[in-house]
There are 2 protein chains.
Amino acid sequence: MMSSSTSPPRTKAEIAELLGARDILPTAQRVELAALLLATQQHLSAEQVMSRAKIAGLVVSKATVYNTLGLFVERGIVREVIVDSARVFYDSNTDPHYHFYNVDDGTLGDVATVHVPIEQLPTPPAGTVTTGVDIVIRIRNRP
Amino acid sequence: MMSSSTSPPRTKAEIAELLGARDILPTAQRVELAALLLATQQHLSAEQVMSRAKIAGLVVSKATVYNTLGLFVERGIVREVIVDSARVFYDSNTDPHYHFYNVDDGTLGDVATVHVPIEQLPTPPAGTVTTGVDIVIRIRNRP
DNA sequence: TTAATTGCAAACATTTTGCAGGTTC
DNA sequence: GAACCTGCAAAATGTTTGCAATTAA
């Protein structure tokens, strides 16, 4: 199984291939948004994605940014991070890991799973299955 | 230090006292909302609080529910739980613990900290301090 | 009586949706 | 050419706010 710690796809062809592998029709907007998102390991809100797209000269509407981010989450291209009721963050690192969330900045940082060794997980309630474990370490700038 | 696992305050006088201890003026709406919230250990969204208040025959506006929940969070009467981008949950259990989140139901369950033994926490980035650790175990109903 | 609180409605921010026009295979 | 995608604007959600009327100490 390939890890997203592999160096990011660089060419549009590589990105188109990556999208195709997840049954995503690689339209111009999707390829460019994926290129933007996957360029580095990062955590961006939808609004940040839009502003970076605009800065990069991309022609994408707000609706398409939201639709595309939703599709990318559904297909495992990026991961949703829920730490703040005000907005969703999209994480280009889909490998298992946890997060620091700076409530002063509104910025996210990665925490490798090895840094939070968990001895055991509780059994989920009867009739349910565990689909994931999210750990958020909330931090503040020191006064 | 008192734990919220103590049996809940029952009388309005007890609740008023509890609010007063946190420098919250115990108005009728606040006392009734606190009584509703603290009756048992539970996880309610603002909308659920409003609907239960209405069912209980309370006279409270939406603005007051939101203002009061915000105040209660700030003063440690209840705790915010962020697991879903669509709404905030308010947890009447303020003792340290983690959560199951059933994404099918939108329901929360408690997980005692002893059930997720963490050997160590990572050092927060320079210039920051850790203010809390949230763990959410996402579950789904078995197919 | 003076400050604090409430309620209503309007404002907000984020995200979703309907639909006409454009694109892809 | 059939299915799918995009963009605009409007709608939907959940939450916050301005302000006049009410209540608390």
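A note on names: the letters A, B, ... follow the listed sequences, proteins ahead of strands, and every chain is numbered from 1.
Protein atom CZ of B:Arg87 is 14 Å distant from nucleotide atom P of C:dT15, rounded to whole Å. Between B:Asp84 atom CG and D:dT13 atom P there is a gap of 14 Å when expressed in whole angstrom units. To the nearest angstrom, C1' of C:dT15 lies 15 Å from CZ of A:Phe89. Atom CD in B:Glu47 sits about 14 Å away from atom C1' in D:dA12, given to the nearest Å. When rounded to the nearest whole Å, the span between CE of B:Met50 and P of D:dT13 equals 13 Å. Between the CG atom of B:Leu69 and the P atom of D:dT17 there is a distance of 15 Å, given to the nearest Å. The separation between B:Gln48 atom CD and D:dT15 atom C1' is 16 Å, rounded to whole Å. To the nearest angstrom, C1' of C:dG7 lies 13 Å from CG of B:Leu33.
More than 12 heavy atoms of other residues, nucleotides or ligands shown are found within 6.0 angstrom of CD on B:Glu74.
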One pair to check against salt bridge (Lys or Arg N to Asp or Glu O under 4.0 Å): A:Asp23 and A:Arg75. What are the steps and the verdict?
CA-CA 8 Å; A:Asp23 289 314; A:Arg75 303 296 168 83; 5.6 Å; no
Is there any protein nitrogen or oxygen under 3.5 Å from a nitrogen or oxygen in nucleotides 5-9 of chain D, and what are the pairs?
residue : atom : partner : partner atom : Å
D:dC5   : OP1  : A:Arg30 : NH1          : 2.9
D:dC5   : OP1  : A:Arg30 : NH2          : 3.4
D:dT6   : OP1  : A:Thr27 : OG1          : 2.6
D:dT6   : O3'  : A:Gln29 : NE2          : 2.9
D:dG7   : OP1  : A:Gln29 : NE2          : 3.1
D:dG7   : OP1  : A:Val59 : O            : 3.1
D:dG7   : OP2  : A:Ser61 : N            : 2.9
D:dG7   : OP2  : A:Ser61 : OG           : 3.3
D:dG7   : OP2  : A:Thr64 : OG1          : 2.8

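With hydrogens and angles ignored, the 3.5 Å screen pairs no side-chain donor or acceptor of B:Arg87 with any backbone N or O of B:Ala46.
Considering only side-chain N and O atoms, B:Tyr66 lies under 4.0 angstrom from the phosphate OP1 or OP2 of D:dT15.
Side chains of B:Asp134 and B:Tyr98: no donor on one and acceptor on the other come within 3.5 Å. A donor-acceptor pair shorter than 3.5 Å can be found between the side chains of A:His99 and A:Asp91.
Within the 4.5 Å cutoff, no side-chain heavy atoms of B:Phe89 are placed close to those of B:Ile82.
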